[in-house]
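Quick notes on the structure that follows.
Naming convention: chains lettered A, B, ... in sequence-line order (proteins, then strands); numbering from 1 in each chain. Quick caveat, the model's predicted, so the values are computed rather than measured.
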Amino acid sequence: MNKIYKIYRLLYKTYGPQGWWPFINLQKSYHPLDYSFPRNSDEIFEVCLGSILTQNTTFISVVKSLNNLHVKEALNLNTIESMDIDELKTAIRPSGYHNQKARYILEFIKFYRSLDGAIPTREALLHVVGIGPETADSILLYGYNQCEFKVDAYTQRLLLTLGLIDEKAKYHDIKYLMEDSLKECIKDEKELLITYQEFHALIVNHAKKFYSKKPYGERCFLEEVQSSL
DNA sequence: AACCAGGACGTGA
DNA sequence: TCACGTCATGGT
């Protein structure tokens, strides 16, 4: 068992399953251990929308934006595409950058339509304006249940503090470190996917508590992973 | 009241 | 390639 997987086990033992992704339309019937989402095109689209809106923003703000659309019966691509762009901007205002994110959303909808239900490749997603590596992985991992590890600022900060990467490690360096480490320990594809999904969520949960303000990692119990191997 | 949040893009060196 | 400025609102 390598250190990365050890960190995952420790986080899971501490916080339990996170139940990522919180669907707006399904809050009543949603349970953390139900990994059957998303189930249809509307739910996939909701994850894609949330993935764009959450760029450099807390998910609490994203939920507000998604709810603004939901109460207008506009949490679907047909309505968003046909609605006035200023109305869209107003709805997503709580999650910030509403001008460029409104554009990103419309750009993505064009791309989404061209897919005609197919699963997008990572490379194709990266060609869409407004979709960088993290947003692409978020869409693939949570929207399409693809084994793509999502790296974010918290992941980098955590691994850097624990001394598992160096300062110049880039997005893909970290992504492949996580994926290779987990593949080494998990052979079952379904379990691997769930681990990717839960791990990222657990890192965010944990990092909010210990890696939001300096000095990072103070009293973080993951330090024990260092000495244990 | 400064600081940061589940980033991406454009620019110049 | 890479460091840096910009985009914007909301919570602490």
Side-chain angles (χ1 to χ4, degrees), chain A residues 7-8 11 15 17-24 32 37 46-69 85-111 120 122-144 146 148-161 165-175 178 195-218:
Chain A
I7 289 172
Y8 173 71
L11 289 175
Y15 302 109
Q18 299 299 294
W20 218 251
W21 184 276
F23 290 94
I24 302 300
F37 298 100
E46 182 179 326
V47 175
C48 297
L49 205 54
S51 297
I52 293 171
L53 289 176
T54 198
Q55 289 170 2
N56 204 30
T57 314
T58 62
F59 202 83
I60 303 171
S61 303
V62 176
V63 169
K64 288 177 185 168
S65 295
L66 292 178
N67 257 320
N68 285 343
L69 292 168
I85 189 168
D86 287 325
E87 195 180 354
L88 174 60
K89 287 179 180 177
T90 301
I92 66 173
R93 182 177 295 262
S95 39
Y97 310 108
H98 55 273
N99 291 312
Q100 52 183 14
K101 281 180 180 175
R103 178 183 166 223
Y104 293 169
I105 288 168
L106 295 177
E107 291 287 337
F108 176 77
I109 287 179
K110 278 194 285 185
F111 171 74
R122 190 168 188 276
E123 192 172 333
L125 274 170
L126 291 175
H127 283 301
V128 180
V129 183
I131 298 186
E134 184 180 340
T135 307
D137 286 332
S138 180
I139 288 173
L140 289 169
L141 181 60
Y142 295 110
Y144 290 93
Q146 300 298 295
E148 298 285 350
F149 199 91
K150 175 183 176 181
V151 177
D152 68 335
Y154 280 143
T155 310
Q156 174 170 16
R157 196 177 295 167
L158 173 72
L159 296 178
L160 185 59
T161 305
I165 59 173
D166 54 30
E167 312 79 34
K168 55 178 169 54
K170 281 199 59 195
Y171 185 93
H172 289 91
D173 298 328
I174 303 171
K175 175 181 170 70
M178 300 301 270
T195 303
Y196 282 12
Q197 293 176 334
E198 290 289 355
F199 203 169
H200 171 71
L202 286 164
I203 288 173
V204 173
N205 188 344
H206 179 71
K208 277 182 190 169
K209 305 180 198 299
F210 299 100
Y211 293 84
S212 283
K213 38 178 177 277
K214 300 175 183 177
Y216 297 140
E218 207 169 43

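Rounded to whole Å, the separation between the P atoms of C:dC2 and B:dG6 comes to 27 Å. The gap from the P atom of B:dT11 to that of C:dA8 amounts to 16 Å, rounded to the nearest Å. Between C:dC4 and B:dC4, the two P atoms lie 16 Å apart (nearest whole Å).
When the C1' atom of B:dG7 is taken as reference, atom CD1 of A:Ile139 falls 13 Å away, rounded to whole Å. B:dG6 atom P lies 16 Å from atom CZ of A:Phe149, rounded to whole Å. One atom, CG of A:Leu53, and another, P of B:dA5, lie 18 Å apart when rounded to the nearest Å. Rounding to whole angstrom units, CZ of residue A:Phe59 and P of C:dG10 are separated by 17 Å. Atom OH in A:Tyr171 sits about 13 Å away from atom P in B:dC9, given to the nearest Å. Straight-line distance from the NZ atom of A:Lys150 to the C1' atom of B:dG6: 5 Å, rounded to whole Å. If you measure from atom CD1 of A:Ile52 to atom P of B:dG7, you get 14 Å, rounded to the nearest angstrom. Taking atom CG on A:Asp152 and atom C1' on B:dC4, their separation rounds to 14 Å, with Å as the unit.
At least one side-chain heavy atom of A:Tyr142 sits under 4.5 Å from a side-chain heavy atom of A:Gln197.
Taking the nucleotide of DNA chain B with the nearest heavy atom to each of A:Arg103 and A:Thr57, the more 5' of the two is matched to A:Thr57. Nearer to the 5' terminus of DNA chain B, by closest-nucleotide assignment, is the contact made by A:Val204 (compared with the other of A:Ile131 and A:Val204).
Among the atoms of the strands shown, only primed sugar atoms or phosphate atoms (P, OP1, OP2) are found under 4.0 Å from some heavy atom of A:Gly132. Within 4.0 Å (heavy atoms only), A:Val151 reaches no atom of the nucleic acid at all. When heavy atoms are screened at a 4.0 angstrom cut-off, A:Val62 is found touching no nucleic acid atom at all. Across all strands shown, A:Ile60 has no heavy atoms under 4.0 Å from either base or sugar-phosphate atoms.
Under a cut-off of 6.0 angstrom, the local environment of CG in A:Leu126 is crowded, with over 12 non-hydrogen atoms contributed by other residues, nucleotides or ligands.
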Problem set entry | Base versus backbone protein contacts along nucleotides 1-7 of chain C [heavy-atom cut-off under 4.0 Å; B, S, -] | ------B
Exercise. Hey, mind stepping through A:Phe149 and A:Asp137 against side chain to side chain contact (heavy atoms under 4.5 Å, CB included) and telling me if it holds?
Worked result: CA-CA 6 Å; A:Phe149 199 91; A:Asp137 286 332; over 6 Å; no
Exercise. Taking it one step at a time, do A:Ile7 and A:Phe199 satisfy side chain to side chain contact (heavy atoms under 4.5 Å, CB included)?
Worked result: CA-CA 9 Å; A:Ile7 289 172; A:Phe199 203 169; 4.1 Å; yes
Problem set entry | Full working for side chain to side chain contact (heavy atoms under 4.5 Å, CB included) between A:Leu158 and A:Thr155 | CA-CA 5 Å; A:Leu158 173 72; A:Thr155 310; 5.9 Å; no
For this session: Verify side chain to side chain contact (heavy atoms under 4.5 Å, CB included) between A:Met178 and A:Ile203, making sure each step is shown before the conclusion.
Result: CA-CA 12 Å; A:Met178 300 301 270; A:Ile203 288 173; 4.0 Å; yes
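Side-chain atoms of A:Ser51 and A:Lys150 form no donor-acceptor pair, as typed in the model, at a separation below 3.5 Å. Between A:Asn68 and A:Ser65, the side chains place no donor N or O within less than 3.5 Å of an acceptor N or O (distance only, hydrogens not considered).
For A:Asp173 (side chain) and A:Lys170 (main-chain N/O), a donor-acceptor pair under 3.5 Å exists by modelled atom type.
A sub-4.0 Å separation between OP1 or OP2 of B:dA8 and a side-chain N or O of A:Thr135 is present. OP1 and OP2 of C:dT9 both lie 4.0 Å or more from every side-chain N or O belonging to A:Lys89.
For the segment residues 207-218 of chain A, no residue has any heavy atom less than 4.0 angstrom from an atom of DNA chain C.
Between A:Tyr154 and A:Tyr211, the ring centre distance reaches or exceeds 6.0 Å.
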